[in-house]
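Everything below concerns the one structure shown next.
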Amino acid sequence: MKKAISKMKPPEIRTAGPTSALLGINALYRIRNDPLAYYQSLNSTFGDTVKIRLGPYRCWFIFHPDHIESVLATKASSFIRFEKIMNILRQWNGNSLLIAEGSSWKNRRRKVLPSLSQQRIPSYAKLVSRLAQDLTETIISKIKENGSYESSIDDEMAQYSLEVAYKTLFNKNLNTVVQPISEAVNCLSEIAYKETTSAFTLPRFIPTPANRKKKKIIKLMRSCIRDIVLERIEQSSKEESDLLSILIKHHGGNTSAIEEDVISLLIAGHETSGATLSWLFLLLAKHQDVQHKIQKELDNILGNTSASYENLKNLPYLNAVIKETMRLYPSAYALFCRRATEDVDIGGALVKKGDLVQIFPYITQRDNRWFKDADRFNPERFINSESWPKYAYFPFGAGPRICIGQSFGMMEVALTIATILQRLSLSQVESSLESAPRFSLRPDKNITISFSSRPQIERVEDQIT
Ligand code: HEM
């Protein structure tokens, strides 16, 4: 990440916001229907700090990097994640790392961290590389069979990233026996989005069809995960190097804690990296020049050998493309809403105890004050000397609750794209890049891209320009 620029434009200390007619029902309606356009319009109309009423809550939308730093890092101890949202996720995540607060969170983070530490990444990378090669082979055989292959890319990447999460967690392949997990994970993301953006949801004990379906899915998923965890605990003498074995070791056999953290890693891990992969494929299909430049870099550095974790640091252009994709299309387009636990000054605005605070990577990362020609897809900005404030670019969040799977996520995305682009080229069937913000920012489900085989290369000597 680039260093803070020395002459950062000072934040505007206006704390205006839209009128709170009807307790902000209008705002809730707009958030539900077109959240990105609404957040953008609030930022353009009212500035860097926007005060808004949302139902019974007073809420602050914070857009300036200085203030983002205060909320996420320097004054992070004055905030917790908003309980209403966390209680929705708690239904299936329990009191996992994602949900916990205070000393309970610290304890969980310490226990989960070893399974995602930098030293573990190379061994997970071998599994990811294998899965990416399998996917490439499958696509190539479909092209051979039918002459072409068109993919509804978001569905394909959701399934692939779940397979990656499943394989690295349990060292098992996602097969039909565990289909309930696949269905549950996809379904719960949808439910989470609906419940967290609704002004009103019926209590869970009321047996509506939706509540009954949710209960059934959660029960099924938890029992599948429990079986896997118990089986592994029983075979504890068998040395396994997957994520689950390390979690079991550090959780000291506390089965419900293991189950909760497994579910949260499965969901948090696959949803975000799947969405990032979808955006990357779409951007590469649309920007053929960028795709060719990555392929040239791959051909130069790897020749005909398969991409591996060790190669990734020698692929600066590929890394720049991934970072630029995460700037324009951060899968966590809005961070989890926070609630102030005491009065706190954020850049001159008095955020009172109980107020909510919301931060949006999608908006701040597209601000022309920090990024030149901010809406343009320009990976070179991560290679050239362009610089921006540290907290203007934060696709993995920041501060103590920064994404624990950051190194894993970057490795997964880079290794997958490198493996596929070595053998395949992409082109877009439709020209639009519609986004459909759900629990994470995903492309519209109907966008299709077309794959074609690349000729096997001899070593290419051209330099990347
Ligand atoms: C491209 C991939 C990824 C992106 C963009 C991403 C993004 C994020 C962001 C923005 C947060 C912070 C949310 C907030 O502060 O409100 C977060 C937290 C988290 N992420 Fe990721 N993530 C990715 C991959 C992963 C992976 C692969 C895993 C697990 C294997 C993971 C597990 C988690 C967990 C458990 C947290 C909560 C950490 C805590 O509260 O201490 N993420 N992620």
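When a ligand or atom number is given, it counts from 1 through the structure's own listing order. What you see is a predicted model; the values in this text were computed from it and never measured.
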Starting from atom 26 (C) of ligand 1, find the nearest protein heavy-atom neighbour and note its residue, name and distance. Gly269 CA, 3.4 Å
the protein heavy atom lying closest to atom 39 (C) of ligand 1 turns out to be Arg109 NH1, 3.4 Å
For atom 1 (C) of ligand 1, the protein heavy atom that lies nearest, with its residue and separation: Thr276 OG1, 3.5 Å
Identity and distance of the protein heavy atom lying nearest atom 24 (C) of ligand 1: Thr272 OG1, 3.3 Å
Purely on distance, is any nitrogen or oxygen of Glu412 under 3.5 Å from one on ligand 1? no
Pair Asp242 + Arg232, salt bridge at N-O below 4.0 Å: yes
Inspect the contact between Arg401 and Glu101 and indicate whether a charged nitrogen and a carboxylate oxygen are less than 4.0 angstrom apart. yes
Please compare Leu441, Leu98, Ile359, Val413 and report which has the shortest non-hydrogen distance to atom 36 (C) of ligand 1. Leu98
Minimum distance, heavy atoms only, to atom 7 (C) of ligand 1: which one of Ser264, Pro395, Gly397 is it? Pro395
Looking only at distances, please establish whether an N/O atom of ligand 1 is found under 3.5 Å from an N/O atom of Ser273. no
Got a salt bridge between Arg339 and Glu83, using NZ or NE/NH1/NH2 to carboxylate O under 4.0 Å? yes
shortest atom 18 (C) of ligand 1-to-protein heavy-atom contact is with Cys403 CA, 3.5 Å
Below 6.0 angstrom between ring centroids: does that apply to Trp388 and Phe382? yes
Can you check whether Tyr362 and Tyr39 have ring centres sitting under 6.0 Å from each other? no
Any N/O pair Arg81/ligand 1 closer than 3.5 Å: yes
Heavy atom of Trp105 under 4.0 Å from ligand 1? yes
Is the shortest distance from a heavy atom of Ser331 to ligand 1 less than 4.0 Å? yes
I'd like to know if Asp48 and Arg369 make a salt bridge, using a cut-off of under 4.0 Å between side-chain N and carboxylate O. yes
Suppose we measure from atom 32 (C) of ligand 1 to each protein heavy atom; which comes out shortest, and what is that distance? Ala268 CB, 3.7 Å
Check contact between Met326 and ligand 1, using heavy atoms of the residue and a distance below 4.0 angstrom. yes
Ranked by distance from atom 15 (O) of ligand 1, the top protein heavy atom is Arg338 NH2, 2.9 Å
Can you pull out the closest protein heavy atom to atom 34 (C) of ligand 1? Residue, atom name and distance to 0.1 Å, please. Ile404 CG2, 3.7 Å
Full working for side-chain contact (heavy atoms from CB on, under 4.5 Å) between Phe46 and Phe61: CA-CA 10 Å; Phe46 299 108; Phe61 288 176; over 6 Å; no
Interatomic distance, Leu116 atom CG to Arg120 atom CZ [nearest 0.5 angstrom]: 9.5 Å
For Arg401, the ligand 1 atoms with a heavy-atom partner under 4.0 Å come out as 12 (C), 15 (O), 39 (C), 40 (O), 41 (O)
Closest heavy-atom pair and its distance - Arg381, Lys372: NH1-O, 2.8 Å
4.5 Å side-chain heavy-atom contact, Leu54 and Ile31: yes
Between Thr276 and Glu412, does any side-chain donor sit less than 3.5 Å from a side-chain acceptor? no
Ligand 1 to Phe336 polar contact by distance, N or O atoms, under 3.5 Å: yes
